[in-house]
Structures are given as structure tokens and as C-alpha cells.
Amino acid sequence: MGMVREKYSGKNKDISQMKKPVIDAQGVDLTFQTNDGPVHALKDVNLQVDKGDFVSFIGPSGCGKTTFLRCIAALETPTGGKLTVNGLSPDEARKSRAYGYVFQAAGLYPWRTIAGNIRLPLEIMDFPKPDIPERVEKVLDLVDLKGFGKKYPWQLSGGMQQRASIARALAFDAEILLMDEPFGALDEIVRDKLNEELLKLWAATNKTIAFVTHSIPEAVYLSTKIVVMSPRPGRITDVIESTLPKERPLEIRDSEEFIKIAHRVREGLRAGHAE
Amino acid sequence: MGMVREKYSGKNKDISQMKKPVIDAQGVDLTFQTNDGPVHALKDVNLQVDKGDFVSFIGPSGCGKTTFLRCIAALETPTGGKLTVNGLSPDEARKSRAYGYVFQAAGLYPWRTIAGNIRLPLEIMDFPKPDIPERVEKVLDLVDLKGFGKKYPWQLSGGMQQRASIARALAFDAEILLMDEPFGALDEIVRDKLNEELLKLWAATNKTIAFVTHSIPEAVYLSTKIVVMSPRPGRITDVIESTLPKERPLEIRDSEEFIKIAHRVREGLRAGHAE
Amino acid sequence: MNKIIPVLTVLAVIVAVWYAAAIRMNSQWTYDQAARAGTEVTLSTLVKDTLAQERPKLPAPHQVVAELWNTTVEKKITSKRSLVYHGWITLSATLLGFGIGTLGGIALAVGIVHNKAMDLGVMPWAIASQTIPILAIAPMIIVVLNSMGISGLIPKAIIAAYLSFFPVVVGMVKGLRAPDQMQLDLMKTYNASGAETFWKLRLPSSMPYLFTSLKVGVAAALVGTIVAELPSGATRGLGARLLSGSYYGQTIQIWSALFAAAALAAALVIVVGILERAVLKKMGMAQ
Amino acid sequence: MNLLYILLVLAVWLGLWWLNTRFALHKSTQWIVPVLFGITLILLWEMVVRLFGVSPVILPAPSAIWTRLVSSMPILWQDFVQTIFKGALSGYVLGCGAAFVTAVLIDRSPFLQRGLLPIGNFIAALPIVGIAPILVMWFGFDWQSKAAVVVVMVFFPVLVNTVAGLQATEAMQRDLMRTYSASYGQTLLKLRLPAAMPFVFNGLKIATTLALIGAIVAEFFGSPIKGMGFRISTEVGRLNLDMVWAEIAVAAVTGSVFYGLVSLIEKGVTFWHPSQRG
Amino acid sequence: ADEVTLQLKWVTQAQFAGYYVALEKGYYEAEDLDVTIKAGGPDIAPVQVLLGGGADVMVDWMPSALAARENGAPVVNIAQPFKSSGMMLTCLKETGIEGPEDFPGKTLGVWFYGNEYPFLSWMGKLGIPTDGSDGGVTVLKQGFNVDPLLQKQAACISTMTYNEYWQVIDAGISADDLITFKYEDQGVATLEDGLYVLEDNLADEAFKEKMVRFVKASMEGWKYAEENPEEAAEIVLEYDETGAQTMEHQVRMMSEVAKLTAGSNGALNVSDYERTVASLLAGGSDPVITKEPEGAYTLEITDAALQ
Ligand SMILES: Nc1ncnc2c1ncn2[C@@H]1O[C@H](COP(=O)(O)OP(=O)(O)OP(=O)(O)O)[C@@H](O)[C@H]1O
Ligand SMILES: Nc1ncnc2c1ncn2[C@@H]1O[C@H](COP(=O)(O)OP(=O)(O)OP(=O)(O)O)[C@@H](O)[C@H]1O
Ligand SMILES: Cc1ncc(C[n+]2csc(CCO)c2C)c(N)n1
Ligand SMILES: [Mg+2]
Ligand SMILES: [Mg+2]
């Protein structure tokens with residue numbers, strides 16, 4: 001897979017850049033102009049994410065998590081500050097197809113089967129035809145949807161749809177994965193399983209992952225870096241570097257270290273709410 | 001408020017019924033006829049819920065939680081078994097306006113403001129005009145939406161919409177509250193806060209509450225009775241009577257008792273998944 | 001299938017009302033004739049006469065049915081007295097015009113969706129174009145085309161196209177804009193080109209809208225053809241039948257041509273509906 | 001020479017088009033685009049007529065039409081009153097009103113809906129050019145028969161849309177009403193009618209252009225000696241094509257204004273609908 | 001063979017039998033002409049077709065042709081197969097109309113679309129206003145058929161002796177119940193179906209020569225039709241593409257039309273022309289034409305054709 005990635009999003013593999021942060025935000029500002037006045041969605045956001053980091057964003061509703069992810073993916077343009085991805089502008093990075101994006105809602109195309117949906121990015125990025133079925137099978141298996149490839153989205157439950165959308169983002173091996181509350185509609189058991197899978201995938205491929213969640217344990221369990229945000233205006237109030245080892249069995253959640261980090265996140269969150 | 005309730009849903013306040021279960025399901029069965037064969041959504045469901053119980057339903061996606069709640073509210077008719085509410089058929093109970101239902105999605109009417117949405121049931125149930133604004137203010141305050149009454153649903157974030165829909169169900173003081181994943185779109189802090197508020201309300205009014213959730217801690221924290229369900233066919237696999245006291249500070253979640261119950265629920269859930 | 005009984009019931013009511021109305025509306029004539037002849041009208045002669053007039057104000061249902069039967073089943077379909085023959089003439093122009101209108105409408109919609117200037121500039125004028133009374137400009141179009149040596153099928157088809165392109169534009173613009181922000185953003189993260197976004201996202205999402213407007217469009221095309229057949233020398237086609245029926249005051253002939261036209265329209269709409277179901281099913285959108 | 005003219009016309013067109021794409025870029029100048037688009041069309045028309053010497057009996061130049069329009073105001077106004085106010089508007093109000101009421105009435109009966117709608121669709125497919133002479137025979141020559149034609153034309157589009165709209169509520173929205181044990185009337189008033197409004201207005205918008213066309217076309221089949229349709233058909237016969245086009249221009253402007261007005265009301269009533277939120 | 005396209009004023013019917021007979025019987029072919037006959041209709045202005053180049057020659061009524069000429073459409077009469085006018089006003093006796101003096105206050109049905117000129121000039125001559133003012137008549141734009149009379153929406157309607165009048169009779173109203181006013185009898189007759197071409201074309205000798213042959217063959221057709229009404233009607237029926245005409249109707253129309261063509265050999269009678277012009281010029285406050293037309297007819301073609 002790594003080989004294929006080099007081939008299809010090769011541009012940004014220069015070794016000299018390896019030490020530079022993959023995502024570098026300096027004083028990023030974003031104000032939406034709406035009909036009842038401007039909304040300050042992001043204010044002076046500074047953040048460096050290194051290659052291979054797993055960074056989680058957590059914060060109350062409306063604090064700008066989604067907006068920041070969208071800025072990274074060049075779906076939104078900051079109104080101030082400087083944001084680079086692999087040293088390039090987000091838009092250039094987008095053009096080099098560096099991103100896999102999992103949206104807050106599943107957003108599958110209803111006229112395509114599950115397999116057809118997963119095939120979509122592969123078709124657009126001109127993956128060699130013979131490779132495609134194999135890739136589709138592989139990611140379907142990864143998210144536990146083997147055998148559902150021929151079904152249409154509306155024939156699956158909400159949770160299954162969300163997993164399909166994750167599979168779609170994984171299929172083409174993007175260098176950077178942007179995931180906006182991917183596990184929101186899933187129950188705890190499935191969630192735990194997918195958390196483990198995601199960690200495994202991350203460890204194996206050295207992808208950089210930006211991950212939005214509402215769950216404190218999830219954030220702590222998955223991340224190397226936890227960003228706590230606060231609303232009105234949307235800003236970063238705390239950045240916590242995780243001290244947990246890279247190898248993380250589910251039981252780690254009962255460890256003292258884990259509980260300590262979770263506590264710090266919770267305090268940060270509470271502070272944001274108290275304002 | 002109690003007085004008003006008596007007035008508007010008075011029928012089912014007979015003292016002789018107090019000892020009978022409020023919700024009594026005996027061998028309830030429900031099969032959906034779909035174009036690719038029947039779906040057995042509920043199979044032989046037996047459950048008694050007493051007045052003042054707080055019962056949580058937990059289980060994997062598609063196990064019939066929503067379907068069972070809908071049966072209680074007479075939105076779905078069981079194809080077998082016997083289901084009574086306050087000794088009446090669900091439909092009679094519905095006609096006596098015994099239910100407040102919070103749907104899985106907010107389902108606010110987009111042409112009404114938030115206050116207008118909350119006013120809706122009050123208008124329909126012919127509450128005296130002068131009382132209405134006060135009631136609306138009260139529940140808006142309860143869900144922390146003071147000052148948003150004049151906004152339209154689409155001007156609020158998803159979480160705020162869900163809170164508005166909770167306020168709508170609380171506004172008219174129904175005897176039985178049916179809540180289908182009401183806190184799904186909320187972050188942990190807000191969730192904690194609303195959990196506390198809900199418990200307070202419950203303690204103060206002696207309402208009977210049926211509550212669907214995907215979160216084990218939430219279920220354990222809130223309930224007097226936890227129903228674990230399992231899919232294909234949808235059925236009850238475990239009913240756990242909580243031994244926690246009625247008074248529950250948030251810290252109770254670190255107690256041994258709490259962790260024990262949570263463990264039993266998790267095991268039950270896992271068993272359902274393993275099949 | 002559960003529609004049959006309700007439809008038949010409503011139909012029965014309509015026919016009953018129709019008969020009653022026929023007796024009422026045609027009675028004036030019967031009384032006048034009797035007065036001229038100096039005879040009395042009894043109830044039975046009234047009913048008998050009003051339902052069998054040659055130039056009734058409102059022909060009775062059985063008269064229309066008889067005429068329809070007479071001009072479809074009883075006549076050779078190549079005969080110019082056969083409604084099937086005239087229906088075919090109208091149908092061919094309708095189909096050609098509908099084809100032109102649909103293609104033009106889709107092309108315009110694609111332009112409107114992809115080009116801001118077209119979006120702002122074209123729509124108000126497309127609406128204005130539909131407020132022009134077509135019957136007024138149809139003869140001019142025919143004369144102008146005639147002077148360019150074009151006559152027969154094409155002028156009719158152009159007028160049919162003029163009426164059918166509008167619903168297609170409106171529906172198609174709506175449809176091509178149906179994808180929500182997230183679906184579009186997804187394409188952006190893939191850095192998909194405009195063409196790829198069109199083929200893989202916009203076009204499929206527009207299908208339900210397209211078919212809805214095609215149903216309106218095909219009926220409009222038929223009206224356009226008939227309008228074009230009125231002034232274009234009243235030669236062949238259902239429109240010409242309508243005209244000559246009117247010209248000679250043959251109400252029964254008018255009504256039978258009217259019903260033939262409506263039946264043709266209904267058939268066309270049904271065909272589009274079948275097509276719709278087939279396409280949507282193939283695309284997995286029929287739920 | 002002809003080739004030169006064609007090139008000239010094309011050049012003007014492309015030039016103005018280019019200008020328009022510029023204006024389209026900025027919000028403040030966007031309103032210019034449709035105006036300039038219209039001016040372009042008229043300019044090209046004028047050029048074609050003048051350069052190629054098209055006979056005024058076939059197609060008059062816009063400038064000639066304008067002159068005629070200005071000099072014939074009293075006649076145009078008289079025709080306008082006859083056709084638009086008396087014929088189209090009364091028919092529109094009557095037809096739309098009747099359709100709306102019918103829709104609400106048959107809404108309670110699925111039986112009637114299943115029976116009426118297919119037949120309604122069939123009747124709606126009757127070509128008006130065939131119906132108009134019949135209605136003129138029935139209702140006389142004055143505006144009443146024109147209003148009748150308009151009623152027939154607008155009735156079914158509004159009916160079908162309203163019926164569809166009344167059924168357009170989401171299952172959850174209806175379930176909510178059931179949990180309140182709301183009466184039929186309450187559900188209708190508080191849920192189904194508001195939810196139906198976007199559909200109703202869809203029908204009402206379609207009906208605006210139909211009403212106008214219907215009233216004008218009906219005048220072709222018999223009328224008093226005033227009215228837009230009468231004037232158009234008579235003046236074609238007299239080869240006063242400038243007068244014909246002046247009437248057509250009035251019709252088009254009126255139709256567009258009518259349409260715009262209904263759209264404006266729609267914006268106010270269905271402000272909450274995603275399509276109106278921008 | 002030389003191609004000629006003829007644009008009729010109305011739909012295919014015995015009113016145009018001469019041309020169809022000439023075509024069917026090969027009279028055109030014999031003159032080395034390849035003739036196409038285009039039927040007209042309620043909304044086709046033959047002048048427009050002529051100007052647009054869609055036809056070489058048209059059948060039109062002189063009032064509308066002269067009005068067109070004043071409007072900048074230079075058409076010229078080259079032949080006049082119809083000698084007399086077949087137009088009349090047909091009234092129900094029961095309305096109390098006995099003479100033109102009874103018209104005021106009544107509703108009259110009139111054909112517009114260029115056919116209204118004779119009526120307007122007649123009313124002008126009678127001094128009866130038609131604009132709805134006091135002491136005038138109420139004018140209705142009459143549609144295709146005779147319904148307004150049958151439905152009693154009008155006291156009188158316009159009819160042709162060869163067509164609509166018989167429809168009234170066929171509808172069951174006896175001739176005794178009707179009173180008719182022929183334009184011919186009222187002294188306001190205007191010339192009806194004549195052949196017209198564009199003035200510019202007449203400058204071309206070849207065209208003129210073609211028209212000579214065309215008029216010659218057409219008149220042969222007319223004369224044959226006059227003598228053989230049954231066969232002429234049959235031929236017309238064959239050319240009617242709508243399939244709506246009936247034999248009975250067309251035979252009667254043919255025999256009535258024959259009365260109108262009877263006095264004509266095709267050549268325009270100049271005194272008839274002058275009478276028409278005078279009547280049109282005299283149309284009261286709103287005359288149909290405002291000045292004496294010049295060059296509106298030529299006798300050259302018929303002169304050559306009739307040797
Ligand atoms: N397109 C937009 N136009 C105007 N305001 C917007 C837009 N998108 C987002 N906002 C506003 O920007 C703020 C941040 O929104 P954002 O979606 O980033 O929040 P979030 O942190 O993702 O919240 P949630 O947890 O609910 O998903 C909010 O106040 C929101 O209302
Ligand atoms: N109207 C319906 N027609 C057919 N099948 C249905 C219908 N409603 C629900 N089902 C099926 O019944 C089963 C139970 O559905 P239900 O919605 O009760 O699940 P749930 O436990 O609420 O799941 P979730 O956690 O995803 O909300 C599912 O298999 C579902 O597909
Ligand atoms: C709209 C309309 N216009 C004219 C006529 C009458 N008409 C029929 S034939 C004929 C003579 C033409 O050569 C005339 C004047 C009509 N019936 N309907
Ligand atoms: Mg978000
Ligand atoms: Mg559910």
C-alpha cells in the first residue's frame with residue numbers, strides 16, 4: 001500500500017520536509033459573515049502537528065472543531081494567519097490529494113452501493129482498474145462490513161453507514177486522515193473495536209490523523225496530542241501531549257496515567273463551559 | 001405544575017392503580033413486513049415498569065429499542081402479546097395525553113421559533129393562554145436555552161436543537177416520558193449537566209421515564225432499572241435492578257457499586273454482539 | 001392496482017354528472033326547435049333529443065365514445081379519417097420537439113449551474129419567455145421558418161421544444177444543485193475535476209428531479225405541437241382535427257380529438273414514468 | 001457582406017457576454033447581469049433587423065415596437081384591464097382557491113385521492129386550445145369565458161401540488177402530533193398546512209404563467225373587440241406587427257412581474273425552507 | 001418544370017376548388033408548372049408567407065391586400081377569379097331585425113384577422129359606430145363557426161353564402177327564421193378571392209411568364225370545377241389532409257362558389273376594383289385605406305393568359 005501511496009500522492013515525500021510539522025497553524029483566524037453579524041469561529045489558533053501524530057480535538061458544540069478541520073482540508077479559507085500543510089498551502093495539498101476526510105455525517109451517495117461508494121475516490125484518482133476490487137474488499141473487512149458491499153446505503157443502519165464512510169476515506173491511503181466525529185452514532189462495544197482497529201492502522205502506516213470527538217476517554221485512548229477548544233470565539237485553550245506509550249491495550253484505560261490525562265481534559269472542557 | 005397535570009391528563013390518576021405496573025408488557029412480539037421478507041424487531045418481550053421507575057434501554061444498533069418505545073406510545077402496534085399502560089391500551093393512554101416523547105432526532109418544526117415549538121403541545125392541549133409563556137420560559141431555562149426562544153431551529157447547532165426538543169417534551173408535564181437517545185449529539189460536559197437535571201426533575205415529579213442510550217455510564221447513572229437488549233430477533237437479554245441510592249451525585253460514578261453494575265451491563269452488551 | 005376501484009367510482013360520478021349536464025345544456029336548443037316547430041316537449045323526448053343532437057353544446061359521453069371508436073378502430077390507420085393516423089402525426093412532432101427541448105433544457109441547466117453569469121442572466125428571461133402567449137408567436141415562427149424553406153415536422157417540433165424546455169431547465173437546475181455541501185466537499189477533498197463532479201455527483205443526484213420535469217415537459221410538448229398544428233395550414237394531426245371540428249361546429253369531433261390528445265399525453269407520461277422507475281432502480285434510488 | 005454582418009453581431013454578443021461575466025463576479029454588481037443580458041438580446045435583435053433588412057411585416061425592430069408601445073398606451077391599457085384584471089386575475093384567484101379547498105377536502109379521503117388524481121392528471125392534459133373554444137361557447141364572449149379557461153388551466157397544477165404538500169410531512173413530525181393526541185384539525189393547521197406551503201407555492205408560481213397564457217389564448221377563439229389576445233390576432237391580420245409585439249411585451253412584463261410577486265410572497269411565507277435560506 | 005407555390009387564405013375546401021382541379025387534372029403540368037398548394041388557416045396571414053418567401057402567389061381578399069399594401073407590403077393583384085362577393089350578415093328574425101336600420105343596439109359577430117374591413121366600411125357607410133358608443137352596435141370577434149348565432153350570443157353573424165350559411169341551415173334553423181344581408185345587395189361588395197404576387201417579382205420577365213401560365217391553368221381548373229361540381233368536390237376532398245370534410249358539404253359549397261366565379265374569366269374588372277377602393281376609402285372616421293392605391297393591380301398577366 002505504501003508503494004501505491006507514493007505513486008499517487010508522491011509530491012510531498014521530500015525527506016528534507018520530514019522534520020517540519022505536517023500541519024502548521026500560526027495565528028489562524030476565521031470569521032463567518034452571516035446575515036445577523038459576523039461569527040468569530042476561530043481566533044488566533046496556533047498548532048503544530050508532526051508527521052505520524054494522532055491529534056484529537058475536543059470541545060463544546062460550536063467551538064470550531066469542524067471549522068478547523070475544514071481549514072486544513074482547504075474547504076474553508078482562514079481570514080487571517082498562516083496555515084501550511086507539508087509546507088504547502090492547504091489548497092495545494094488538497095490538489096496533491098493528501099487528505100482522506102470522514103465527515104460528521106456519513107454522506108454516502110445513495111445511488112451507489114457501499115462498494116460503489118468506496119470505489120468512488122479510487123475512480124477519481126485513477127487507480128489502476130485491476131487493483132480496485134481488492135482494495136475495496138480490504139477496507140470493507142477492516143470496518144467489519146464484509147458481505148455488505150452490494151447493499152445500498154439506506155439498507156444499512158446508521159452505524160453501518162458511518163463505518164462505510166470511514167472505509168471510503170481509508171481506501172485510497174491518504175497521507176493525512178481528517179476524521180470528524182467518525183464514531184458518533186456507534187455503541188460502546190463497536191466503538192471500542194473500531195478504536196483498536198484505528199490505532200493498529202495508524203501504527204502500521206504512520207499516517208497523520210486529526211480526529212474530532214466528544215468523548216474524553218476516546219480522545220485520551222487514541223491520541224498523542226489532545227487539543228481542547230472553547231467557543232465564542234472558537235480558540236485553543238489547552239494542548240496536552242500524551243505520555244501514554246504507543247502500544248495501547250484497551251485495559252490502559254484503567255491506568256493511573258490515563259485517568260490523570262482524562263482529568264486534565266475534563267477540567268479544560270469544564271473551564272470552556274463555565275465561561 | 002402537578003395540579004395542572006391532574007387537570008389535563010387526569011384520567012389515569014386512580015389510586016387503586018398505583019400498585020399495578022405503569023407499563024406492562026407480556027410476550028410482546030412485533031414483526032415488520034418488508035419487501036425482502038419479515039423483520040422480527042421484537043420477540044417475546046416481557047417487562048414491568050412501576051410508577052416512578054427510571055428505566056434505561058441499551059443494546060446494539062437495530063435491537064428494537066426505538067421500536068419498543070414506539071409500541072408504548074402507540075405509534076406502532078405489536079403483532080402479538082399484550083401491552084398495557086396504566087391498565088389501558090397504549091392507544092387509550094395516548095388519547096389521555098399521558099406521554100412526552102423525545103425522538104432520536106430533534107424533529108423541530110422549522111416554521112416555528114424555538115419558543116413556538118415548545119408552545120406547540122401547550123396549544124394543542126388547550127393550556128390556559130396566560131400560563132403558556134411562563135411554562136415556556138421555565139423549560140427553556142431548564143435546558144439552558146434562555147434567550148434563544150426567538151431563534152429558528154436552523155439557526156441553532158445540533159446540540160441546541162436536541163435540547164429544545166427535550167424542553168418541548170417537558171413543557172406539558174406528561175406522566176410518562178419516553179426519551180430516545182436524547183443526549184446523543186451532546187458533549188460530555190453538557191451531557192453530565194443534563195443528566196443531573198433530568199435526575200432532579202425525576203426525583204421532584206415522580207414521573208415514569210423510559211430512556212434509550214448507547215452509553216453504559218449514562219444508563220447506570222440514571223436508572224432504577226436497566227434493560228439490555230440484543231438483536232435479530234430483538235429481545236431482552238437482561239434486566240438489571242439498580243442498587244444505587246436515589247440520591248446520585250456525579251461522583252457516584254467512581255463507586256464500586258457503580259462499576260459493578262456497569263460491568264454487568266457491558267458483559268450483557270458484549271454477549272449480544274458476539275452472537 | 002388499488003387505484004382501480006376509486007378511479008372507476010370517480011369516473012362513474014363524472015359520467016353521471018356529465019349526462020345530467022348534457023341534458024341541461026342541450027335542452028335550450030331542444031326547446032327552441034320545438035318552439036319553432038310549434039310542438040310540445042315531453043321529458044322523454046327531451047332526454048332522447050338532448051343526448052342525440054348533431055351539434056350539441058355538450059355531447060353526451062356515449063356520442064364521444066362512439067366517435068372515438070368510429071375514428072380509431074373502425075378506420076384503417078393509414079386513412080386520414082383515422083384518429084390513430086392523426087395521433088401519429090402529432091406524436092412524431094411531439095417526440096422530436098420533446099427531444100430537442102430536453103437536450104436544450106439540460107444544456108442550459110448545465111450552463112446555469114456552472115456559470116455564474118448564466119445563472120444570474122438567463123433565469124429571469126427563461127421565465128419571461130414562458131409568459132409570451134405561444135399561440136400568438138406560433139404562426140410567426142412557422143412563417144419565418146417557412147421563408148427559410150423549413151416546413152412540416154420541424155416547425156411544429158420547435159414550438160413543442162419551446163414549451164417543453166422550461167420545465168426541464170427548472171427541474172434540472174434544482175436537481176444539479178441537489179447535492180448538499182458535504183457531498184460536494186467530499187469531491188473537493190478528492191480534488192475531483194468539474195467534469196468528474198458532474199458525472200459522478202451532480203448528474204446522478206439530479207435524476208429524480210429530471211424525471212419529474214420530463215413528465216411535465218412531455219405533456220407540454222404535446223400541447224406545443226397541437227398549438228403549432230392550428231395555424232400551420234391545418235393539414236394533419238390532432239390539432240388540425242380540433243380546428244376543423246371547431247370550424248364546422250362539430251362538437252363531437254372536437255371532444256373526441258380532445259380525448260385522443262389527453263390519452264396521448266397520459267400515455268407519454270406513463271412511458272416516462274416507466275423509464276423513470278427503470279433508471280432509478282438501476283441506480284438503486286427506488287426505495 | 002452578410003458574413004461581415006454575422007461577424008459583427010457575434011462580436012457584439014461576445015463582448016457583452018464577457019462584460020457580463022465580469023459583473024457576475026461581485027455581489028454589488030450582480031443585479032446588472034440579467035439587465036445586461038436582456039439589453040444584449042434586444043440589441044442583437046435590433047442589429048439583425050437593421051443589418052439584414054428584415055421586413056417589418058415579418059419582424060419589427062425593438063425600437064419600432066417601443067415607439068408603438070409609447071404611442072398606444074390607452075389601447076394597451078384597455079386591453080390590459082380586459083385580459084389581465086378581468087380574465088386572468090379573477091380566474092387565477094378562483095381556480096387556485098378552488099384547487100386549494102378541494103385539496104384540503106380530498107386530503108381526508110385516500111379513496112378520493114386515488115380516484116381523483118389520475119383522472120385529474122388526465123383532464124389537466126387536455127390541450128387548452130381545444131378547451132378554449134368550448135368554454136367560449138359555454139360562457140359567452142366576454143371575460144367570463146376567459147376566466148373559465150384560466151380556472152381549468154390552473155386548477156390541477158395547484159391541486160396536485162397542494163395534495164403532495166399536505167403529504168410532505170416527515171413521519172417523525174406526524175408521530176409527534178400523535179403523541180399529543182392532536183385532533184385532525186389541529187394537525188392540519190399546525191403541521192400539515194405549514195409543511196405544505198413550499199409545494200403550494202410551487203403550484204401557484206406555475207399557475208401565474210398559465211393564467212396569463214390562458215386568458216390571452218382564449219381570446220383568439222372569440223372575444224369582444226378589446227383584450228390582448230384580440231388585439232394580437234387582429235393586428236397580425238392587419239400586418240401591424242409592431243402593435244402585436246407591443247402587446248406581447250406587455251404580456252411578458254406582466255407575467256414576469258406576477259411571477260416575481262408570487263415568489264416574493266413565497267419568500268415571506270416559507271422563509272424557513274432550506275431553498276429560501278440561501 | 002417551373003416551381004410555383006400557392007398560399008391559400010383558408011383551409012382546403014371547395015372555395016379553392018379551381019386550383020386543386022388544375023393540379024389534379026394536370027393543367028399545371030401541361031403548362032410545365034410544378035405547383036405546390038399550401039393550405040391556410042385561421043392564424044396564417046398569406047401576405048406574411050409571401051413576403052417571407054414561403055410562396056410565390058397567394059389567394060387573398062382585396063381589402064386586406066390593399067391594407068397590407070399601405071402597410072408596406074407591396075402586393076399586386078394579377079387575377080380575380082371571384083367576380084362577386086359571397087359575404088353576408090345572417091340574422092335571426094326573432095331578434096326583430098328587418099333592415100340595417102335595426103342594427104343599433106344589437107350584437108353582431110364579425111370575422112377579424114383582416115376580414116373585418118368590408119364590415120367596417122359598410123358600417124361606416126351606414127354611419128353606425130362600432131366602437132361601443134351610444135347608438136352603435138356591439139361587435140363580437142366571431143370565432144371559427146356559427147355557434148354565436150345558434151347559442152343566441154349574437155343577433156347576426158358573418159357568413160359566406162357557400163359555407164357558414166349552410167351550417168346554420170344544417171344545424172336545424174330554417175331559412176324562414178333567418179334574414180340575410182348580402183354585401184353585394186347592400187352596395188358595399190368588395191372583391192374577394194384574387195391572386196396576388198409581390199411587386200418586385202413582377203419586374204422579372206421569367207416570373208411574369210410563369211404567372212401567365214399559372215393563371216391560365218388555374219382558370220381552366222375553375223371553369224372545369226364550375227361545370228363538374230361533384231368531381232371538383234371529390235378532388236378537394238382528396239386533398240384535404242384533415243379528413244374532416246364531407247362530400248355533401250363540399251358539393252354544395254362548390255355549387256355556391258360557382259355562382260361567385262361565374263361572371264369572371266380571371267381578369268380583374270377595373271370598375272369592380274374602383275368600387276372596392278371607393279368603399280374602403282369611405283369608411284367613415286376610420287377608413288381601411290387612407291389614399292388611393294397605385295399599381296395595386298396589373299392586367300398584363302391576364303391579358304397574356306387569356307389570348
Ligand atoms: N458556513 C457557516 N456560516 C456561518 N457560520 C458558521 C458556518 N459554519 C460554522 N459556523 C459557525 O462557526 C462556529 C463553529 O462551528 P463548527 O461547526 O466548527 O463547530 P464544532 O466545534 O464542529 O461543533 P459540533 O461539535 O457541534 O460539530 C459555530 O458557531 C457555527 O455556528
Ligand atoms: N418501519 C420499519 N419497517 C421495517 N423494518 C423496521 C422498521 N422500523 C424498524 N425496523 C427494523 O426493526 C429493527 C429494530 O429497529 P429499531 O429502530 O427499533 O432499532 P434501535 O434499537 O432503535 O436501533 P438504533 O440504536 O440504531 O436506533 C431493525 O432491524 C430495523 O431495521
Ligand atoms: C377566425 C376566422 N376567420 C375567418 C373565418 C371565415 N372564413 C372562412 S373562409 C373565409 C373566406 C376566406 O377566403 C372566411 C372569411 C372564420 N370562419 N374564422
Ligand atoms: Mg462539528
Ligand atoms: Mg433507535
Side-chain angles (χ1 to χ4, degrees), chain C residues 2-3 5-11 13-14 25 57-58 115-125 127-137 139-140 143-144 147 166-167 174 216 219 222-223 226-227 230 238-239 242-243 245-246 251 254-255 257-259 261-266 269, chain D residues 17 20-25 30-31 33-34 36-38 40-41 58-59 110-116 118-119 121-131 133-134 137-138 206 208-209 212-213 216-217 220-221 228-229 232-233 236 241 244 247-248 251-256 258-260 275:
Chain C
N2 60 347
K3 280 187 184 164
I5 291 175
V7 168
L8 287 180
T9 315
V10 172
L11 214 57
V13 172
I14 289 179
M25 293 176 78
K57 207 167 175 181
L58 174 62
N115 182 304
K116 187 87 193 162
M118 274 184 83
D119 178 19
L120 294 167
V122 174
M123 227 22 199
W125 292 93
I127 292 169
S129 80
Q130 296 301 303
T131 62
I132 293 176
I134 176 70
L135 198 61
I137 55 163
M140 302 184 208
V143 166
V144 168
S147 68
F166 184 67
K174 220 181 201 168
V216 181
L222 182 72
V223 171
I226 289 177
V227 166
L230 286 186
L238 292 176
L242 275 175
L243 174 80
S246 307
T251 25
I254 305 180
W255 281 83
L258 261 180
F259 272 80
L264 195 57
V269 171
Chain D
W17 181 252
N20 239 347
T21 52
R22 309 260 88 202
F23 285 129
L25 294 180
Q30 277 179 359
W31 62 271
V33 177
L36 190 61
F37 188 86
T40 309
L41 287 181
I58 303 263
L59 185 68
F111 184 83
L112 268 185
Q113 278 179 38
R114 281 203 302 270
L116 259 177
I119 292 178
N121 280 324
F122 181 83
I123 295 177
L126 293 172
I128 77 134
V129 284
I131 299 175
I134 295 172
M137 173 168 92
W138 288 358
I206 296 171
T208 54
T209 57
L212 221 69
I213 294 179
I216 292 176
V217 165
F220 276 58
F221 298 90
M228 302 169 79
I232 290 173
S233 70
V236 176
L241 271 285
V244 172
E247 292 276 3
I248 290 177
V253 170
T254 310
S256 307
F258 194 8
Y259 189 96
S275 65

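Each chain gets a letter, A, B and so on, in the order its sequence line appears, and its residues count up from 1.
Looking at D:F221, the atoms closer than 4.5 Å to chain C (heavy atoms on both sides) all sit in the side chain, from C-beta outward. When heavy atoms are compared at a cutoff of 4.5 Å, C:F166 does not approach chain D at all. Contacts of D:I206 with chain C are absent, with no heavy-atom separation under 4.5 Å from either backbone or side chain. Both the backbone and the side chain of D:T21 come within less than 4.5 Å of a heavy atom of chain C.
How far CD1 of D:I248 is from CD1 of C:I137: 6.5 Å, rounded to the nearest 0.5 Å.
Residues C:L258 and D:P127 are in side-chain contact: their nearest non-hydrogen atoms beyond the backbone lie under 4.5 Å apart. Using a 4.5 Å heavy-atom threshold, the side chains of D:P133 and C:I254 count as separate. With contacts defined as side-chain heavy-atom distances shorter than 4.5 Å, the pair D:F37/C:M123 does not qualify. Under the 4.5 Å side-chain criterion, counting only non-hydrogen atoms from C-beta, C:L135 is not in contact with D:I216. Looking only at side-chain heavy atoms (C-beta outward), D:I58 and C:V144 come within less than 4.5 Å of each other. The shortest side-chain heavy-atom distance between C:V223 and D:V129 does not fall under the 4.5 Å cut-off.
The two residues C:Q130 and D:T209 have their closest heavy-atom pair at O-CB, 4.2 Å.
Residues satisfying the ring-ring contact (aromatic ring centres under 6.0 Å, His included) test with D:Y259, not counting sequence neighbours, are none.
Heavy-atom pairs under 4.5 Å with chain D peak, among C:I134, C:V7, C:T9, at C:V7. In terms of heavy-atom pairs under 4.5 angstrom with chain C, the leader among D:I232, D:L126, D:L116, D:L36 is D:L126.
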